[in-house]
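Remarks on the structure that follows.
Counting from 1, the numbers follow the sequence of the chain as shown.
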Amino acid sequence: QVQLVESGGGLVQPGGSLTLSCVASGFTFSVYSMSWYRQAPGKERELVASITRAGDVTNYAGSVKGRFTISRDNAKNRIYLQMNSLKPDGTAVYYCQAPAVLTRYGFTEYWGQGTQVTVSS
């Protein structure tokens, strides 16, 4: 079955850095775009970054542009989110998403379980 498993979350101080990782299985990873979302307490889930299947095109939320970098390693079925200059508003659960995986049932979105990032002194 399709699985997305995030790791790398934790507690960091403002201005610090953290790298998240998501490993995918159960589908042909290299043919699909992937995304990172986050949900802060009391807020809606928001798109943080996305990356095309070859990793050649990326998009970022304006709030993280210039500080976060999304990347992927198709040989390892893995995507990453390098987060630099973290701010307290970066505190959220971060989710890995495969937005449109083609299965025998049609196009289906898949989500990881999330990993908690807390930015606090």
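- You'll find the side chain of S21 reaches within 4.5 Å of the side chain of R78, heavy atoms only.
- Pairs engaging residues 84-93 under the side chain to side chain donor-acceptor pair (under 3.5 Å) rule: S17-N84, Q82-N84 [sequence neighbours left out].
- For the atom pair T69 OG1 and L81 CG, the distance stands at 8.0 Å (nearest 0.5 Å).
- Closest approach of P14 and S120 over heavy atoms only: CD-C, 3.6 Å.
- If you take OG on S30 and CG on D73, they are separated by 11.5 Å, rounding to the nearest 0.5 Å.
- Considering every non-hydrogen atom in both I70 and T58, the closest pair reads CG2-CG2, 3.6 Å.
- At least one donor-acceptor pair under 3.5 Å links the side chain of T103 to the backbone N or O of G106.
- In this structure, V64 and V48 approach most closely via the heavy-atom pair CG2-O, 3.7 Å.
- For the atom pair CD (Q39) and OH (Y94), the distance works out to 12.0 Å, reported to the nearest 0.5 Å.
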Is there a side-chain contact (heavy atoms from CB on, under 4.5 Å) between V117 and M83? Walk through the geometry before answering.
CA-CA 10 Å; V117 173; M83 304 184 293; 3.9 Å; yes

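- The stretch residues 22-61 participates, sequence neighbours left out, in these ring-ring contact (aromatic ring centres under 6.0 Å, His included) pairs: F27-Y32, Y37-W111.
- No side-chain heavy atom of T118 sits under 4.5 Å from any side-chain heavy atom of V12.
- Applying the salt bridge (Lys or Arg N to Asp or Glu O under 4.0 Å) test to residues at least two apart or on different chains, the pairs with a partner in residues 41-70 are R38-E46.
- Between the S35 side chain and the Q97 main chain, no donor and acceptor come within less than 3.5 Å of each other.
- The CZ atom of F68 sits 8.0 Å away from atom CG of L20, with the distance rounded to the nearest 0.5 Å.
- The hydrophobic clustering, which links ILVMFWY residues whose side-chain heavy atoms are closer than 4.5 Å, places V93 and L47 together.
- Rounded to the nearest 0.5 angstrom, I79 CD1 and C96 SG are separated by 3.5 Å.
- Taking each heavy atom of A24 and L4 in turn, the nearest pair found is CB-CD2, 3.5 Å.
- Contact detail for Q116 and A92: the closest heavy-atom pair is NE2-O, 3.5 Å.
- Shown here for T52 and R72, the closest heavy-atom pair between the two residues is O-NH1, 2.9 Å.
- A distance of 7.0 Å separates CD in Q13 from OG in S121, rounded to the nearest 0.5 Å.
- In terms of hydrophobic clustering, with Ile, Leu, Val, Met, Phe, Trp and Tyr side chains grouped at heavy-atom distances under 4.5 Å, V57 and M34 are assigned to different clusters.
- Residues V5 and Y95 fall into different hydrophobic clusters, defined by Ile, Leu, Val, Met, Phe, Trp and Tyr side chains chained together at heavy-atom separations under 4.5 Å.
- For E6 (side chain) and G114 (main-chain N/O), a donor-acceptor pair under 3.5 Å exists by modelled atom type.
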Worked verdict on S33 versus I51 for side-chain contact (heavy atoms from CB on, under 4.5 Å)
CA-CA 6 Å; S33 294; I51 187 167; over 6 Å; no

